[in-house]
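For ligands, and for the atoms within them, numbers begin at 1 and follow the listed sequence.
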Amino acid sequence: MASGGDGAEASGGRRVLVVGGGIAGLGAAQRLCRHPAAQHLRVLEATACAGGRIRSERRFGGVVEVGAHWIHGPSQGNPVFQLAAEYGLLGEKELSKENQLVETGGHVGLPSVCCTSSGARVSLELVAEMASLFYGLIDQTREFLHATETPVPSVGEYLKKEISQQVTGWTENEETRKLKLAILNTFFHVECCLSGTHSMDLVALAPFGEYTVLPGLDCTFSGGYQELTNCIMASLPKDVMIFNRPVKTIHWNGSFREGTFPGETFPVLVECEDGSRLPAHHVIVTVPLGFLKEQQNTFFDPPLPAEKAEAIRKIGFGTNNKIFLEFEEPFWEPDCQLIQVVWEDTSPLQDTAPSMQDAWFKKLIGFLVLPPFGRSVHVLCGFIAGLESEFMETLSDEEVLLSLTQVLRRVTGNPQLPAPKSVLRSCWHSAPYTRGSYSYVAVGSTGDDIDLLAQPLPVDDSSTQLQILFAGEATHRTFYSTTHGALLSGWREADRLIGLWDLQSQQPRPRL
Ligand SMILES: Cc1cc2nc3c(=O)[nH]c(=O)nc-3n(C[C@H](O)[C@H](O)[C@H](O)COP(=O)(O)OP(=O)(O)OC[C@H]3O[C@@H](n4cnc5c(N)ncnc54)[C@H](O)[C@@H]3O)c2cc1C
């Protein structure tokens with residue numbers, strides 16, 4: 001690629017701007033910069049670093065993932081796995097054939113321990129029985145894929161309907177039946193974390209099965225997920241990335257002139273928050289759906305076609321956050337990997353709306369035990385989704401630490417349990433350039449809305465093709481909400497542009 005400073009290259013090549021330096025934007029840029037037609041390529045990133053929702057932070061003497069945690073389905077069909085392997089970022093176990101062949105169905109593994117809110121241990125057999133019921137029903141939702149009619153609109157309502165039928169056949173005593181429902185309630189909350197939603201009642205039943213799970217036992221990056229985006233970034237020519245450059249408005253369908261390119265006109269002009277105006281032939285938008293939902297009215301000029309604007313409104317985008325707690329001494333067993341928390345007297349079959357202040361932490365599903373960072377650094381990672389998660393973002397670190405200390409004292413039955421030494425949490429809903437965690441297919445939307453979102457602009461106008469292209473996790477119909485979906489979407493849009501250029505280069509140039 002012949003790349004100069006901002007606007008210093010010869011005319012005739014295509015000026016491409018990528019908005020957003022997450023894995024979708026970086027993936028698109030990596031693909032494009034190898035093409036001779038992309039003479040000027042820039043990635044405009046609003047924040048000070050690349051990676052977006054892939055964010056690894058050096059804390060507690062180790063690395064923690066504030067955003068993406070696992071490669072979901074690490075096997076040959078997963079481009080994130082392949083790229084990570086190419087860059088040498090994965091260990092022997094992660095690369096092993098056995099690991100790649102494991103079929104999890106996308107379900108979370110069983111906990112090492114399960115504790116109730118009154119400090120009792122729940123038998124793991126009972127947890128396994130409830131997991132099997134719950135995930136059996138989740139798998140059953142695939143029956144409705146492409147169905148024109150479903151018995152109920154949402155996954156949540158379907159699960160509850162089936163569970164209430166099952167309950168009538170339960171023969172145990174009242175106490176065990178209540179406990180079983182409380183365990184199931186935790187599984188609903190786990191599923192909310194996976195889907196990035198407040199409630200499974202918001203997730204559409206018919207398209208739910210379109211989300212595709214790849215084989216492979218989910219794995220992590222020992223040096224941090226962000227090593228991957230750092231490697232992609234390092235492969236780009238030096239001046240491609242422009243940081244701290246939030247885009248304010250994308251003016252399109254125009255005929256813009258710019259002083260540095262006398263005699264040239266551009267169909268798109270990107271206006272940044274700092275007042276800079278960058279002309280382009282093509283812009284690939286990779287900003288999160290949460291940002292688009294909030295800003296779409298001012299982000300595009302002219303506004304988006306009604307159908308696309310409607311798709312942005314309809315597709316779901318919710319919050320899943322992590323809360324890391326640091327301890328000097330572990331209170332869990334050395335081989336413990338996952339601590340599940342079950343709130344007694346809760347049930348998925350009962351709608352309760354307790355006050356956020358008093359009960360937000362009841363949405364927490366439990367804690368993942370991170371590998372120890374040192375002899376006296378032990379870290380738990382809690383997961384919490386939905387409105388409770390967004391409420392948690394409004395609290396101070398001290399308030400979160402205090403609430404979770406109380407939770408841990410309750411579930412361990414040890415009122416003297418030392419408080420965690422420190423806390424770190426993600427706040428994805430408050431992040432101005434993200435506004436949530438990831439997308440899901442909400443009631444009232446289908447996979448067609450995802451395809452509509454992914455469609456370039458202008459629609460059906462061959463003379464002014466591919467002015468604005470759309471990538472990002474929310475634009476991938478079967479792998480939405482994942483890093484591999486995001487990467488594939490970036491590649492898809494880069495290939496779309498390259499296809500156009502290759503076609504144009506084969507056509508005879510008009511004689512002047
Ligand atoms: C808590 C959490 C856990 C997750 N866990 C996993 C997991 O385990 N496995 C998995 O596969 N996926 C996981 N994900 C999802 C995964 O992180 C995302 O799907 C993926 O990283 C999205 O990549 P993207 O490039 O589409 O968007 P992003 O990474 O969000 O990149 C978009 C970029 O656009 C920038 N931007 C926004 N607005 C502007 C603007 N106006 N101007 C310029 N730049 C702008 C943003 O700053 C950002 O850098 C998780 C996400 C979260 C939040």
Side-chain angles (χ1 to χ4, degrees), residues 17-29 42-56 64-74 78-81 84 106 108 193-194 196 213-214 218-221 225-226 228-229 232-233 241-250 270-274 283-292 294-296 298-300 317-323 368 381 383-385 389 425-429 431-440 470-476 479-490 493:
L17 297 174
V18 176
V19 183
I23 195 166
L26 293 172
R42 294 291 179 272
V43 177
L44 306 174
E45 167 53 46
T47 68
C49 64
R53 279 168 276 171
I54 295 179
R55 203 166 95 213
S56 316
V64 291
E65 305 293 2
V66 178
H69 208 104
W70 293 277
I71 303 180
H72 289 310
N78 185 325
V80 166
F81 173 72
V108 174
C193 287
L194 291 180
V213 177
L214 294 168
D218 290 2
C219 69
T220 56
F221 291 78
Y225 224 125
Q226 219 172 331
L228 178 68
T229 44
I232 305 178
M233 198 169 59
M241 294 300 304
I242 303 182
F243 293 108
N244 298 309
R245 190 72 71 94
V247 168
K248 185 178 172 200
T249 304
I250 300 171
V270 170
E271 185 188 342
C272 301
E273 291 286 355
D274 65 1
V283 174
I284 304 183
V285 172
T286 74
V287 302
L289 178 62
F291 178 88
L292 282 181
E294 191 182 64
Q295 303 287 340
Q296 65 154 313
T298 53
F299 201 60
F300 299 98
F317 195 78
T319 306
N320 176 28
N321 273 313
K322 299 179 182 179
I323 308 175
L368 190 71
C381 173
F383 291 82
I384 181 165
S389 189
R425 72 251 163 76
S426 62
C427 290
W428 289 105
H429 184 253
Y433 298 109
T434 315
R435 307 300 279 137
S437 297
Y438 34 85
S439 59
Y440 62 93
F470 292 82
E473 57 82 15
T475 69
H476 199 287
F479 293 145
Y480 55 85
S481 80
T482 65
T483 55
H484 52 282
L487 179 60
L488 284 172
S489 74
E493 296 313 311

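Counting protein heavy atoms only, atom 8 (O) of ligand 1 is closest to Trp70 N, 2.8 Å. Regarding atom 51 (C) of ligand 1, its nearest protein heavy-atom neighbour is Tyr438 CD2, 3.4 Å. Thr286 O, 3.5 Å is the protein heavy atom nearest to atom 32 (C) of ligand 1. The nearest protein atom to atom 15 (C) of ligand 1, hydrogens excluded, is given as Ser481 O, 3.3 Å; this is a heavy-atom distance. For atom 34 (O) of ligand 1, the nearest protein heavy atom (residue, atom name, distance) is Gly20 CA, 3.2 Å. The closest protein non-hydrogen atom to atom 5 (N) of ligand 1 is Ala68 CA, 3.2 Å. Shortest contact from atom 39 (C) of ligand 1 to any protein heavy atom: Val287 CG1, 3.5 Å. The single protein non-hydrogen atom nearest to atom 40 (C) of ligand 1 is Val247 N, 3.6 Å, given as residue, atom name and distance.
Some N or O of Glu45 is nearer than 3.5 Å to an N or O of ligand 1, by distance alone. Residue-to-ligand polar distances keep Lys322 apart from ligand 1: every N/O pair is separated by 3.5 Å or more. Below 3.5 Å of separation, one finds no N or O of Ser437 facing any N or O of ligand 1. Taking any N or O of Ala46, backbone or side chain, at least one lies under 3.5 Å from an N or O belonging to ligand 1. The distance criterion of under 3.5 Å between nitrogen or oxygen atoms is not met by Cys49 with respect to ligand 1. Close N/O approach between Glu473 and ligand 1 is found [any backbone or side-chain N/O within under 3.5 Å]. The distance criterion of under 3.5 Å between nitrogen or oxygen atoms is not met by Thr47 with respect to ligand 1. At a 3.5 angstrom cut-off on N or O pairs, Thr483 counts as close to ligand 1. Residue Ile23 places at least one N or O, backbone or side chain, under 3.5 Å from an N or O of ligand 1.
Residue contacts with ligand 1: Gly51 is included, with a non-hydrogen atom under 4.0 Å away.
Remark: Gln296 pairs with no residue by the side chain to side chain donor-acceptor pair (under 3.5 Å) rule, at least two apart or across chains. Scanning for salt bridge (charged side-chain N to carboxylate O under 4.0 Å, His left out) contacts around Glu273 gives an empty result, with sequence neighbours left out.
Those atoms of ligand 1 that come under 4.0 Å of a heavy atom in Ala24, given as number and element, are 25 (O), 26 (O). Each of the following atoms of ligand 1 lies closer than 4.0 Å to a heavy atom of Gly22: 25 (O), 29 (O), 31 (O), 33 (C), 49 (O). Listed by atom number, the atoms of ligand 1 under 4.0 Å from Phe299 heavy atoms are 41 (N). Proximity to Leu44 (heavy-atom distance under 4.0 Å) selects the following atoms of ligand 1: 43 (C), 44 (N). Near Ala486, meaning under 4.0 Å from one of its heavy atoms, ligand 1 places the atoms 22 (C), 23 (O), 24 (P), 26 (O).
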Could you go through the side chain to side chain contact (heavy atoms under 4.5 Å, CB included) check for Met241 and Leu26 one step at a time? CA-CA 9 Å; Met241 294 300 304; Leu26 293 172; 3.7 Å; yes

Checking Val80 against Ile23 for the side chain to side chain contact (heavy atoms under 4.5 Å, CB included) test, could you report, in this order, the C-alpha distance in whole Å, the side-chain angles of both residues, the deciding distance, and whether it holds? CA-CA 10 Å; Val80 166; Ile23 195 166; 4.2 Å; yes

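Heavy atoms of His72 found under 4.0 angstrom from ligand 1 belong exclusively to the side chain. Within the 4.0 Å heavy-atom criterion, neither part of Asp218 lies near ligand 1. No part of Ala50 comes within 4.0 Å of ligand 1, judged by heavy-atom distances. Contact annotation: for Phe291 versus ligand 1, heavy atoms closer than 4.0 Å belong to the side chain alone. The proximity of Val80 to ligand 1, defined as any non-hydrogen pair under 4.0 Å, does not occur for either the backbone or the side chain.
Side chain of Glu473 to backbone of Ala486: no donor-acceptor contact under 3.5 angstrom is found. Here the side chain of Asn320 pairs no donor or acceptor atom with the backbone of Leu194 at under 3.5 angstrom. Formation of a donor-acceptor pair under 3.5 Å by the Arg53 side chain with backbone atoms of Ala68 is not found in this model. Distance alone, capped at 3.5 Å, places no donor-acceptor pair between the Thr249 side chain and the Glu271 backbone. Listed for the Gln226 side chain is a donor-acceptor partner under 3.5 Å among the backbone atoms of Ser56. Judged by distance alone, the side chain of Thr286 and the main-chain N or O of Ala471 form no donor-acceptor pair under 3.5 Å.
Note on ring orientation: taking the six-membered ring where Trp is involved, the planes of Phe291 and Phe299 are perpendicular (angle over 60°, cut-offs 30° and 60°). Below 30°, between 30° and 60°, or above 60°: for Phe479 and His476 the angle between ring planes is below 30°, a parallel geometry.
Within the 4.5 Å cutoff, the side chain of Glu493 has no heavy atoms near those of the Thr475 side chain. Here the side chains of Leu292 and Val287 are in contact, with some heavy-atom distance below 4.5 Å.
Of all non-hydrogen atoms in Gly73 and Asn78, the two that sit nearest each other are O-ND2, 3.1 Å.
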